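Whatever order the structure lists them in is the order used to number ligands and atoms, beginning at 1. Treat the numbers as computed from the prediction; the structure is a model and nothing was measured.
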Amino acid sequence: MAEPERTIQDLFNLQGRVAIVTGASGWLGSAMSRALAEAGATLVVTSRKAEQAAAFAATLPGQGHIGLGFEQSDTGTIPGFVAEVERRLGRIDVLVNNAYGATAPSIDTATAEDFDRAYHTGVTAYFLLARAVVHHLRRRQAPGSIINIGSMYGVVGSYPDAYTGLAVNSPPNYHGLKGGLIHLTRHLAVYWAKDHVRVNAISPGPFPAPRVSGPMPEFIERLEAKSPMGRMGQPEELKGAVVLLASDAGSYITGQNLLVDGGWTAW
Ligand SMILES: NC(=O)c1ccc[n+]([C@@H]2O[C@H](COP(=O)([O-])OP(=O)(O)OC[C@H]3O[C@@H](n4cnc5c(N)ncnc54)[C@H](OP(=O)(O)O)[C@@H]3O)[C@@H](O)[C@H]2O)c1
């Protein structure tokens, strides 16, 4: 006999699940972490600074969240990080690979090192952490969801006019790595489907943090003029997407790149 159809509340409910969010206290990671906690998950939030991670974990709704220091570029620490989560919480169900930080050179000045560092942090480390989580899920014979945070700039080329004459670049290393990450997402989804692990990307459009929008109103005006919706995204506008892909509401979605971009890539 077929299972009874679950309600929409049941499908989006993350109670009893453990979700890791890397770079969680940043501009977008903090809203996505709150979304997962509000949906009932227990969160493991990371920062390169352990105290910052612990302080942010304490702000999340619900009980039992933990904050851990984690420098994903130091990929040798990944097995120990996953083992510590297993030891403290006993399980991992969801991984949001969100943390990113690298140099932002112009197209005229970018070096091999700029490319190597960006790819190492934003692709290699994402892969190694995702694989360590999949090995954990295999040991538990449990399903899981991995969400890689891409970018609209991994799908379309830049908009050079927005940057001309301003102290902000559209770095080529960032475009290369985000495109690679979105394609890697498809590859992993195909391989890990038999393990019941879904792998998707969320690609935000323009969500400039106050540290960017504050000092550069002209940059924001140019981006808004280019956007079909005529405005920038707000972090809470990623909350629905991350809970959809993390929860059973997205149980037949894998290998996708969900663009949350106000229509930027729809022109
Ligand atoms: N904002 C946008 O408009 C936008 C658009 C498209 C895509 N995205 C993507 O969305 C994600 C989040 O971006 P955001 O705007 O929220 O940036 P953000 O505020 O700078 O947050 C990113 C976090 O990553 C952590 N981090 C940086 N380098 C790291 C490293 N080497 N190892 C571990 N953690 C590191 C930092 O946390 P700690 O300092 O606490 O370690 C930082 O808070 C990124 O993948 C970004 O590419 C953003």
Side-chain angles (χ1 to χ4, degrees), residues 20-35 44-57 59 67-78 81 95-104 114 116-126 128-130 146-156 158-159 162-163 168-171 173-182 184-185 201-214 216 219-220 223-224 226-227 231-239 241-242 257-262 264-265:
I20 299 174
V21 181
T22 63
S25 58
W27 178 237
L28 302 182
S30 56
M32 290 191 283
S33 300
R34 280 188 291 276
V44 178
V45 292
T46 79
S47 163
R48 287 166 294 178
K49 297 170 271 315
E51 331 75 70
Q52 187 170 322
F56 177 64
T59 69
L68 295 178
F70 178 53
E71 165 55 88
Q72 70 195 35
S73 311
D74 188 358
T75 50
T77 65
I78 288 174
F81 168 72
L95 166 66
V96 182
N97 264 323
N98 167 74
Y100 178 72
T103 53
D114 291 318
D116 291 349
R117 200 186 320 171
Y119 194 88
H120 182 74
T121 306
V123 179
T124 311
Y126 279 31
L128 292 172
L129 181 54
I146 291 166
I147 301 166
N148 293 323
I149 305 303
S151 169
M152 68 179 186
Y153 278 168
V155 175
V156 293
S158 190
Y159 175 44
Y163 300 85
V168 60
N169 289 324
S170 191
N173 50 348
Y174 185 78
H175 283 253
L177 88 91
K178 289 295 188 183
L181 176 64
I182 291 164
L184 177 66
T185 299
I202 295 174
S203 282
F207 284 75
R211 67 174 183 274
V212 177
S213 54
M216 271 187 286
F219 178 53
I220 303 305
L223 294 176
E224 284 174 346
K226 162 82 174 161
S227 168
R231 66 174 179 83
M232 301 293 92
Q234 293 301 317
E236 73 166 27
E237 294 181 291
L238 292 170
K239 291 176 82 171
V242 77
N257 178 34
L258 178 50
L259 282 142
V260 183
D261 66 355
W264 185 286
T265 55

Main-chain N/O of Leu223 paired to Ser227 side chain as donor or acceptor, under 3.5 Å: no
Flag, side chain of Asn97 to backbone of Tyr126, donor-acceptor distance under 3.5 Å: yes
Asn173 vs Arg117, side-chain contact (heavy atoms from CB on, under 4.5 Å): CA-CA, chis, key distance, verdict: CA-CA 9 Å; Asn173 50 348; Arg117 200 186 320 171; over 6 Å; no
Tyr174, any N or O under 3.5 Å of ligand 1 N or O: yes
Atom indices of ligand 1 within 4.0 angstrom of Thr121 heavy atoms, with elements: 31 (N)
Mode of Met232 contact toward ligand 1 - side chain, backbone, both, neither (heavy atoms, under 4.0 Å): neither
Between Thr46 and Thr22: side-chain donor-acceptor atoms closer than 3.5 Å: no
Ala209 to ligand 1, any heavy atom closer than 4.0 Å: no
Test of proximity, Ser151 against ligand 1: N or O pairs below 3.5 Å: no
Those atoms of ligand 1 less than 4.0 Å from some heavy atom in Gly150: 7 (C), 9 (C)
Minimal non-hydrogen separation, Lys178 against Ser151, with atom names: CG-CB, 3.9 Å
Atom 42 (C) of ligand 1 within contact range, any protein heavy atom under 4.0 Å: no
Residue and atom name of the nearest protein heavy atom (relative to atom 31 (N) of ligand 1), distance in Å to one decimal: Glu71 OE2, 2.8 Å
Ligand 1 contact by Arg211, heavy-atom criterion under 4.0 angstrom: yes
For Phe70, the ligand 1 atoms whose distance to one of its heavy atoms is below 4.0 Å: 33 (C)
Tyr119, OH: over 12 other non-hydrogen atoms inside 6.0 angstrom: no
Set of residues satisfying salt bridge (charged side-chain N to carboxylate O under 4.0 Å, His left out) with respect to Arg34, sequence neighbours excluded: none
Distance from atom 1 (N) of ligand 1 to nearest protein heavy atom, with residue and atom: Phe207 O, 3.0 Å
Residue pair Ala201 / Thr185: nearest heavy atoms and the distance that separates them: N-CG2, 3.6 Å
Gly205 heavy atom under 4.0 Å from ligand 1: yes
Atom 6 (C) of ligand 1: nearest protein contact (heavy atom, Å): Pro204 O, 3.4 Å
Which segment of Phe56 sits under 4.0 Å of ligand 1 when only heavy atoms are counted: neither
Tyr153, portion touching ligand 1 at heavy-atom distance under 4.0 Å: neither
Arg48 N/O to ligand 1 N/O under 3.5 Å: yes
Tyr163 versus Val168, closest heavy-atom pair with distance: CD2-O, 3.6 Å
Closest protein heavy atom to atom 38 (P) of ligand 1, given as residue, atom name and distance to 0.1 Å: Ser47 OG, 3.5 Å
Under 4.0 Å to a heavy atom of Ser73 - the qualifying atoms of ligand 1, by number: 31 (N)
Qualifying residues under side chain to side chain donor-acceptor pair (under 3.5 Å), relative to Ser25, sequence neighbours excluded: Gln52
Ile20 side, atom CD1; Asn98 side, atom CG - distance, nearest 0.5 Å: 13.0 Å
Nearest neighbour in protein (non-hydrogen) for atom 44 (C) of ligand 1: Asn98 O, 3.2 Å
Donor-acceptor under 3.5 Å (Trp27 side chain, Phe207 main chain): yes
Tyr174 ring center within less than 6.0 Å of Tyr100 ring center: yes
Pairwise distance CD(Glu236) to CE(Met32) - rounded to 0.5 angstrom: 13.5 Å
Atom 19 (O) of ligand 1 - nearest protein heavy atom and its distance: Trp27 N, 2.9 Å
Contact atoms of ligand 1, heavy-atom distance to Gly26 under 4.0 Å: 19 (O), 21 (O), 43 (O)
Per-atom contacts of ligand 1 with Gln52, taking only distances under 4.0 Å to non-hydrogen atoms: 40 (O)
Pro206 N/O to ligand 1 N/O under 3.5 Å: no
Ligand 1 contact on Leu28 by region, counting heavy-atom pairs under 4.0 Å: both
Residue part near ligand 1, for Met152, under 4.0 Å between non-hydrogen atoms: neither
Donor-acceptor contact below 3.5 Å, side chain Asp114 vs main chain Thr103: no
Heavy-atom closest pair, residues Ser170 and Ser158: OG-OG, 2.6 Å
Close approach, Gly233 and ligand 1, non-hydrogen under 4.0 angstrom: no
Heavy atom of the protein closest to atom 34 (N) of ligand 1 (residue, atom name, distance): Ala99 CB, 3.3 Å
Proximal ligand 1 atoms for Ile149, defined as those under 4.0 Å from one of its heavy atoms: 9 (C), 10 (O), 11 (C), 45 (O)
Minimum-distance protein heavy atom relative to atom 22 (C) of ligand 1: Tyr100 O, 3.8 Å
Under 4.0 Å to a heavy atom of Tyr126 - the qualifying atoms of ligand 1, by number: 45 (O)
Non-hydrogen atoms of Val156 and His175 that approach each other most closely: O-ND1, 4.1 Å
